[in-house]
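Residue numbers start from 1 in every chain, and the chains themselves are labelled A, B, ... in the order their sequence lines are given, proteins ahead of strands.
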2 protein chains.
Amino acid sequence: MARAGSKAFPVPEHDHAACIGDAMAMAEDLCRENGLRFTRLRRQVFELVWTSHAPLGAYDLLAMLNERGQRAAPMTIYRALDFLMAHGLVHRLNSRNAYIGCNHPGDGHAGQFLICRDCGRVAEIEERRIAEAVRDGASRAGFDVRLPVIEIEGQCFDCRGARHG
Amino acid sequence: MARAGSKAFPVPEHDHAACIGDAMAMAEDLCRENGLRFTRLRRQVFELVWTSHAPLGAYDLLAMLNERGQRAAPMTIYRALDFLMAHGLVHRLNSRNAYIGCNHPGDGHAGQFLICRDCGRVAEIEERRIAEAVRDGASRAGFDVRLPVIEIEGQCFDCRGARHG
DNA sequence: TTTGTTATGTTATAATATAGCAATAAGGGT
DNA sequence: ACCCTTATTGCTATATTATAACATAACAAA
């Protein structure tokens with residue numbers, strides 16, 4: 001393949017409309033199958049979250065929403081985000097106070113995030129070996145893992161390329 | 001041994017004065033060896049952080065400090081915490097907006113934290129296998145790890161015992 | 001249509017964190 | 001000791017992120 005291991009971060013010039021489209025379709029399906037109400041507001045917020053592969057703050061989303069003619073208050077956004085997070089459609093990045101779309105939801109699945117220092121983009125990965133190592137390491141301390149959150153700051157393939165050739 | 005694998009979390013009835021004493025001595029050493037100024041304020045904040053094995057918020061620390069006769073503003077606490085964090089004496093728990101003392105410092109070492117849902121206590125672990133799994137998993141996505149932060153929510157040995165016998 | 005439930009609107013406020021500048025204290029050379 | 005420089009602290013204001021509390025509206029089931 002052209003770019004070994006670069007699947008998690010989309011190439012800069014990718015078709016982002018397709019990302020959004022796929023995410024929306026997936027969310028529609030999930031909500032239909034689970035009898036959840038994917039209301040206009042929730043749909044809008046979800047779409048806004050997906051405008052970028054970098055996480056967006058709640059007040060960023062609020063501003064974007066209101067630029068589209070709405071006049072929502074902070075609560076409105078937070079409630080929509082709560083719904084989306086509860087069903088795994090969006091994740092919160094604790095280290096950034098910001099929110100990122102998820103493309104393989106499922107209630108409350110734990111996150112492993114790669115956060116690029118340079119471009120700010122975030123990729124979610126799902127490595128069994130990490131989850132296993134966490135479970136084992138915790139159990140050595142007599143600890144029962146419920147919700148492991150892994151936020152890995154570093155440098156993505158594209159940004160490393162930009163610097164080091 | 002009496003309680004397999006329970007090293008990370010101290011037993012509830014442990015001698016906490018010794019925890020504080022050890023931490024203070026260690027911090028003194030570290031600062032002396034590195035020519036850092038462990039001022040009265042920083043010392044106080046560090047001691048306050050160590051009053052509990054559960055993380056404390058910046059404003060909690062502020063209140064505690066001011067109860068001791070000082071009249072500090074938020075900035076004061078944040079600056080002291082910044083210093084302590086820069087030298088690995090304290091860590092911030094992103095998932096809680098709270099701060100916890102570290103007993104094996106060293107500039108900017110990355111954290112692996114076990115956070116008990118029930119008692120709120122936090123134990124820091126240092127599992128090579130976790131760090132390795134993270135590095136490997138990230139590199140499969142072409143990502144260069146700089147600062148992995150792992151916050152694992154769950155249930156500690158003591159709290160599990162309290163429920164399940 | 002009534003009723004119970006879920007979702008949204010609205011106002012106020014809590015909780016966490018930083019900016020910016022003045023005053024003070026600590027070290028280093030002379 | 002003195003001056004100079006830098007690091008630290010004090011202080012006021014303000015930014016940023018998030019929640020409380022209660023009213024209204026939409027929906028869905030009986």
Side-chain angles (χ1 to χ4, degrees), chain A residues 27-28 30-32 34-49 54-66 68-87 89-100 107 120 149 151, chain B residues 27-28 30-49 54-66 68-87 89-100 107 120 151:
Chain A
E28 298 280 4
L30 181 107
C31 290
R32 188 162 1 83
N34 292 89
L36 303 171
R37 291 163 61 182
F38 200 37
T39 64
R40 176 179 155 73
L41 175 67
R42 289 166 177 173
R43 206 180 306 263
Q44 280 185 296
V45 173
F46 185 66
E47 202 172 352
L48 288 173
V49 166
L56 296 167
Y59 280 75
D60 294 335
L61 294 166
L62 179 59
M64 292 162 83
L65 187 64
N66 285 341
R68 292 191 173 183
Q70 217 131 337
R71 68 222 94 179
M75 269 314 295
T76 304
I77 289 286
Y78 282 106
R79 282 194 287 225
L81 288 172
D82 284 346
F83 169 86
L84 296 169
M85 284 191 289
H87 303 293
L89 292 165
V90 157
H91 295 292
R92 178 172 200 277
L93 289 162
N94 290 324
S95 61
R96 303 274 170 135
N97 297 338
Y99 304 83
I100 189 88
D107 286 26
V149 172
E151 301 189 11
Chain B
E28 299 280 4
L30 180 107
C31 289
R32 187 164 0 84
E33 285 166 20
N34 293 89
L36 304 171
R37 291 162 63 183
F38 200 37
T39 63
R40 177 179 152 73
L41 175 67
R42 289 165 178 174
R43 205 180 307 263
Q44 281 185 295
V45 172
F46 185 66
E47 202 172 351
L48 288 173
V49 166
L56 295 168
Y59 282 74
D60 294 335
L61 294 166
L62 180 59
M64 291 162 84
L65 188 65
N66 286 341
R68 292 190 173 185
Q70 216 132 340
R71 232 161 327 213
M75 266 317 292
T76 304
I77 288 288
Y78 282 107
R79 282 194 286 224
L81 288 171
D82 283 346
F83 170 87
L84 295 169
M85 284 191 290
H87 303 292
L89 292 165
V90 157
H91 294 292
R92 177 173 202 276
L93 289 162
N94 290 323
S95 61
R96 303 272 171 135
N97 297 338
Y99 304 83
I100 189 89
D107 286 25
E151 300 189 12

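By the 6.0 Å contact criterion, CZ on A:R68 is enclosed, its count of non-hydrogen atoms from other residues, nucleotides or ligands being greater than 12.
Between the side chain of A:R42 and the backbone N or O of A:R37, at least one donor-acceptor pair lies under 3.5 Å. A:N97 places no side-chain N or O within donor-acceptor distance of the main-chain N or O of A:G57, the cut-off being under 3.5 Å.
Checked against side chain to side chain donor-acceptor pair (under 3.5 Å), B:R43 has the following partners two or more places apart in sequence or in another chain: B:E28. Not counting sequence neighbours, A:D60 has no partner by the side chain to side chain donor-acceptor pair (under 3.5 Å) test. Shown here are the salt bridge (charged side-chain N to carboxylate O under 4.0 Å, His left out) partners of A:R32, two or more places apart in sequence or in another chain: A:D29. Scored by the side chain to side chain contact (heavy atoms under 4.5 Å, CB included) test, B:E151 finds B:L93, B:N94, B:S95, B:F113, B:I115, B:V149 as partners (sequence neighbours excluded).
Remark: P of C:dT18 and CD1 of B:I77 are 14 Å apart, rounded to the nearest angstrom. With rounding to whole Å, B:N97 atom CG is found 10 Å from C:dT18 atom P. Distance A:Q44 CD to C:dT8 P: 11 Å, rounded to the nearest Å. Rounded to a whole Å, the OH atom of B:Y78 is 11 Å from the C1' atom of D:dT17. One atom, CG of B:L62, and another, P of C:dA14, lie 16 Å apart when rounded to the nearest Å. Put simply, CG on B:L56 is 11 Å from P on C:dT16, counting in whole angstrom units. Between B:L81 atom CG and C:dT16 atom P there is a gap of 13 Å when expressed in whole angstrom units.
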Validation: residues 75-85 of chain B side-chain donor-acceptor distances under 3.5 Å, sequence neighbours left out:
| residue | atom | partner | partner atom | Å |
| --- | --- | --- | --- | --- |
| B:T76 | OG1 | B:A73 | O | 3.2 |

*Could you run down nucleotides 9-16 of chain D 5' to 3' and tag each one B, S or - for protein heavy-atom contact under 4.0 Å?*
BBBB----
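Contact annotation for A:F38: no contact, since no heavy-atom pair falls under 4.0 Å across all strands.
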Provide a list of protein-nucleic acid N or O atom pairs under 3.5 angstrom, restricted to nucleotides 24-29 of chain C.
| residue | atom | partner | partner atom | Å |
| --- | --- | --- | --- | --- |
| C:dA26 | O4' | B:R37 | NH2 | 3.2 |

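By the 4.5 Å heavy-atom criterion applied to side chains, A:L61 and A:L65 are not counted as neighbours.
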